[in-house]
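Take a look at the structure set out below.
Any value given below was found using the heavy atoms of this structure, including those in side chains, with hydrogens, waters and symmetry copies removed. In what follows, chains carry the letters A, B, and so on, assigned in the order in which the sequence lines appear, proteins first and then strands, with residues in each chain numbered from 1.
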Amino acid sequence: MPGEACEAGPSHPSLYSYFIAMGFSKNIVEKAIKKNGEGNSEAILETLLTYSATENPYLKNEDGPIESIARNYVDGLEDDSSDTDDFDDLEFIEAPPGRDRNLLTLVEMGFSAEEASAARDRCGLDASVLELADSIHAAHMAKDSHGIVLGSPIINKPNEATFYSTSRKKRILMEEKRKHRRNSHHGSRRSEYLKKAALDVDIPKPMIGFSLPFQNCIKRRNLPDSALGPPYFYYENVALAPKGVWDTISRFLYDIEPEFVDSKYFCASMRKRAYIHNLPIENRFPLLPLPKKTIQEALPSTKKWWPEWDNRTQLNCLQTCTASAKLTEKIKKALDDSGDVPSLRVQEYVLAQCKKWNLVWVGRHKAAPLEPDEIEMLLRFPKNHTRGGGIGRTERFKSLGNSFQIDTVAYHLSVLKNIFPDGINVLSLFSGIGGAEVALHSLGIRLKAVVSVEISEVNRNIIRCWWEQTNQKGTLIEVDDVQKLDGGNLEKFMRRIGGFHLVIGGSPCNNLTGSNRHSRDGLEGKDSSLFYDFFRILDLVKCIMGKKF
DNA sequence: AACAAAATGACATAGCTC
DNA sequence: GAGCTATGTCATTTTGTT
């Protein structure tokens with residue numbers, strides 16, 4: 001495999017703190033380093049992962065934040081985990097000793113046994129764990145992009161992809177034109193210009209961003225001075241927005257190239273999003289343990305009922321709406337009526353509905369929508385994060401559907417851990433149910449102060465409950481509307497807490513997403529235009545930080 | 001009133017064919 | 001390239017039910 005630059009572990013100044021930062025306990029890291037010597041980070045990682053297979057995995061001692069999250073997470077899975085399936089895999093791997101321990105390590109890292117052994121076949125017996133992990137990712141991507149040659153340095157390809165297909169000058173000119181026309185005409189013809197407007201941002205395939213866990217960085221980037229912090233910022237929205245939207249967003253956010261990432265590389269469900277941020281992209285690390293990436297592993301109880309002809313291994317995007325009971329009844333009836341093996345026609349119908357509504361198999365002929373706690377698990381929120389406190393079931397689905405996938409966001413934010421060892425002050429815009437806060441907390445980054453802006457009262461309640469239950473020692477300031485934030489009250493907040501280290505948020509997507517048949521009005525839509533408030537507030541914060549207030 | 005279900009039929013993109 | 005099909009998407013509005 002290609003040994004390109006910017007590898008995470010080995011070059012790091014302090015191996016010890018690096019592995020601690022990954023979430024391993026001090027004791028285990030000490031043991032592992034003693035055993036392998038400081039020079040061999042790969043062997044250390046392997047030892048760490050092996051230890052955690054037998055001992056309690058990845059948990060920090062004391063009252064570390066990772067502990068509580070991980071425990072909730074594990075608890076949530078315990079109920080339905082049928083031990084028989086996993087056992088087979090382990091036995092298969094444990095049988096041959098020696099080098100094949102690499103396979104066990106890979107499975108611990110979250111890969112399947114088949115993937116692991118296939119990777120070993122490709123890379124040879126002497127391949128290291130990281131090389132094997134790299135190879136598996138490469139294989140995934142090759143599968144995605146429909147048969148790019150295996151084993152070649154695929155990950156170097158997107159490096160060369162040009163972000164701006166036209167020059168900056170030309171783009172700005174076109175935007176001016178667009179604006180001009182928008183002013184002189186109205187609604188009905190707007191979609192026409194949008195169609196004509198060139199799409200300048202290329203959406204990369206596969207949608208893996210600048211890097212994935214246990215993989216070399218794909219690109220290096222030099223941000224323009226105007227983009228640099230303080231503060232750091234992080235903006236998120238749907239990747240497949242109407243044409244020109246990401247071009248506009250990018251231009252407002254200091255011409256930074258969006259990072260397009262599908263969360264299917266982090267968990268068992270898809271989530272195609274783009275993130276614009278000015279964070280460093282070297283030395284990222286993922287939350288551990290890595291989530292299971294297939295439906296059958298993440299929801300083991302479904303395995304038993306999964307029909308042969310349903311070839312799904314991952315779920316579609318988790319949405320705000322859920323399938324009706326009527327629909328699942330129809331599906332059951334259709335299958336009941338068609339005997340052992342349903343006809344191709346019935347299969348097609350059922351499969352289409354399953355894909356459309358993200359149904360999973362929970363019994364014979366019983367397809368069902370995901371339960372809220374399962375969605376919480378897939379997005380990596382603590383179990384029952386959105387439960388109780390006066391929130392209804394429908395609202396729960398809606399709030400979850402609008403949220404971050406924690407693993408994905410945390411991976412990007414992980415670089416903050418070493419930059420701010422004492423913790424950070426966060427301005428969280430469009431907080432929702434607190435995805436940003438949970439991600440930072442899960443990384444073990446202390447939240448010194450959080451100003452959380454969220455319009456929905458139930459969502460604010462959820463964040464406050466979480467804040468109390470995780471025994472946060474910092475300050476939580478709640479604001480109900482981004483439009484109420486101006487230079488005056490921002491400066492007051494910043495005086496009080498000492499400025500912001502991170503401004504983070506994802507503005508409403510409802511006018512951008514393809515699911516919306518009624519008001520997909522683009523960035524100028526009623527809700528999605530709140531993006532401009534994100535920019536406005538970020539710029540204000542930059543200004544005030546610059547003045548040293 | 002508060003939910004739940006059904007209807008709606010947009011739109012970008014990928015991968016075909018001709 | 002134009003034209004077709006298939007697929008996927010942080011949804012909204014209307015209608016029916018406890």
Side-chain angles (χ1 to χ4, degrees), chain A residues 144-147 187-188 190-192 194-199 201-207 235-247 260-264 267 269-275 311-312 314-330 348-349 351-359 369-370 372 375-376 378-379 381 386 390-406 408-409 430-433 435-436 454 456 458-459 505-522 525-528 530-531:
Chain A
D144 261 22
S145 38
H146 298 276
S188 63
R190 195 172 65 208
S191 57
E192 239 175 83
L194 287 176
K195 264 179 210 158
K196 281 178 188 159
L199 179 68
V201 179
D202 293 329
I203 294 185
K205 269 187 312 179
M207 206 184 279
Y235 175 79
E236 177 261 10
N237 215 320
V238 289
L240 290 98
K243 279 183 181 176
V245 165
W246 275 107
D247 187 41
F260 288 92
V261 188
D262 190 336
S263 290
K264 73 175 179 179
C267 69
S269 76
M270 297 181 192
R271 206 166 186 78
K272 294 183 177 63
R273 297 291 178 271
Y275 308 86
N311 53 1
R312 289 176 300 155
Q314 291 195 299
L315 293 160
N316 281 334
C317 185
L318 303 171
Q319 307 234 80
T320 55
C321 300
T322 189
S324 64
K326 272 268 162 57
L327 179 71
T328 58
E329 192 188 350
K330 262 196 221 162
E348 270 171 22
Y349 162 73
L351 204 50
Q353 296 302 317
C354 285
K355 284 179 180 174
K356 183 173 174 186
W357 293 103
N358 261 336
L359 305 179
L370 293 166
I375 299 178
E376 285 169 347
L378 288 164
L379 296 173
F381 280 94
T386 57
I391 187 172
R393 205 177 142 83
T394 316
E395 277 175 310
R396 241 181 127 183
F397 281 115
K398 190 173 170 194
S399 292
L400 284 164
N402 280 310
S403 176
F404 286 163
Q405 204 284 324
I406 303 284
T408 314
V409 173
F430 314 102
S431 299
I433 54 176
E454 169 58 38
S456 149
V458 280
N459 284 350
S507 61
C509 72
N510 51 355
N511 304 128
L512 306 180
T513 172
S515 329
N516 188 345
R517 291 154 161 86
H518 291 272
S519 53
R520 197 184 191 191
D521 303 332
K526 184 168 143 286
D527 301 307
S528 294
L530 288 169
F531 157 73

Pairwise side-chain contact, A/E376 with A/S403, heavy-atom cut-off 4.5 Å (strictly under): no
Pick out the pairs of N or O atoms, protein on one side and nucleotides 8-10 of chain C on the other, that lie under 3.5 Å.
from   : atom 1 : to     : atom 2 : distance (Å)
C/dT9  : OP1    : A/C317 : N      : 3.2
C/dT9  : OP2    : A/C317 : N      : 3.4
C/dT9  : O3'    : A/T513 : OG1    : 3.2
C/dT9  : O2     : A/G514 : N      : 3.4
C/dT9  : O2     : A/G514 : O      : 2.8
C/dT9  : O2     : A/S515 : N      : 2.8
C/dC10 : OP1    : A/T513 : OG1    : 3.2
C/dC10 : OP2    : A/R273 : NH1    : 2.8
C/dC10 : O5'    : A/R273 : NH2    : 3.4
C/dC10 : O4'    : A/R273 : NH2    : 2.9
C/dC10 : O2     : A/R271 : NH2    : 3.3
C/dC10 : O2     : A/R273 : NE     : 2.6
C/dC10 : O2     : A/R273 : NH2    : 2.4
C/dC10 : N3     : A/E236 : OE2    : 3.4
C/dC10 : N4     : A/E236 : OE1    : 3.1
C/dC10 : N4     : A/S507 : O      : 3.3

Side-chain (A/Q314) to main-chain (A/C267) donor-acceptor, under 3.5 angstrom: yes
Check: A/W246 side chain, A/L240 main-chain N or O, donor-acceptor pair, under 3.5 Å: no
Backbone N/O of A/D521 and side chain of A/N511: donor-acceptor pair under 3.5 Å: no
Any donor-acceptor pair under 3.5 Å from A/S528 side chain to A/P508 backbone: yes
Residue whose closest nucleotide on DNA chain B lies nearer the 5' end, A/K330 versus A/A241: A/K330
Sidechain-backbone polar pair: A/R271 side chain, A/L318 backbone, donor-acceptor under 3.5 Å: yes
Intermediate values then yes/no, side-chain contact (heavy atoms from CB on, under 4.5 Å), A/K264 and A/M207: CA-CA 9 Å; A/K264 73 175 179 179; A/M207 206 184 279; over 6 Å; no
Any residue meeting salt bridge (Lys or Arg N to Asp or Glu O under 4.0 Å) with A/K272, in chain and number order, not counting sequence neighbours: A/D262
Flag side-chain contact, heavy atom, 4.5 Å: A/Q353 against A/L327: yes
Mind listing the N/O atom pairs, protein and nucleotides 2-5 of chain B, below 3.5 Å?
from  : atom 1 : to     : atom 2 : distance (Å)
B/dA4 : OP2    : A/T394 : OG1    : 2.6

Side-chain (A/T513) to main-chain (A/N516) donor-acceptor, under 3.5 angstrom: no
Value in whole Å for how far the P atom of C/dA11 lies from NZ of A/K526: 14 Å
A/S507 OG to A/N237 CG distance, which is reported to the nearest 0.5 Å: 4.5 Å
Reading 5' to 3' through nucleotides 13-18 of chain C, protein heavy-atom contacts under 4.0 Å coded B for base, S for sugar-phosphate only, - for none: S-----
Distance in angstrom units between A/M207 CE and B/dA12 P, rounded: 15 Å
Whether A/E454 side chain and A/G432 backbone form a donor-acceptor pair below 3.5 Å: yes
Separation of the P atoms in C/dC10 and B/dA14, to the nearest angstrom: 15 Å
Spacing of the C1' atoms in B/dG9 and C/dG8 (rounded, Å): 15 Å
Intra- and interstrand pairs of DNA chain B - dot-bracket, Watson-Crick/G-U under 3.5 Å, | marks other strand: ||||||||.|||||||||
ring-ring contact (aromatic ring centres under 6.0 Å, His included) against A/Y275, all qualifying residues, sequence neighbours excluded: A/Y234, A/H412
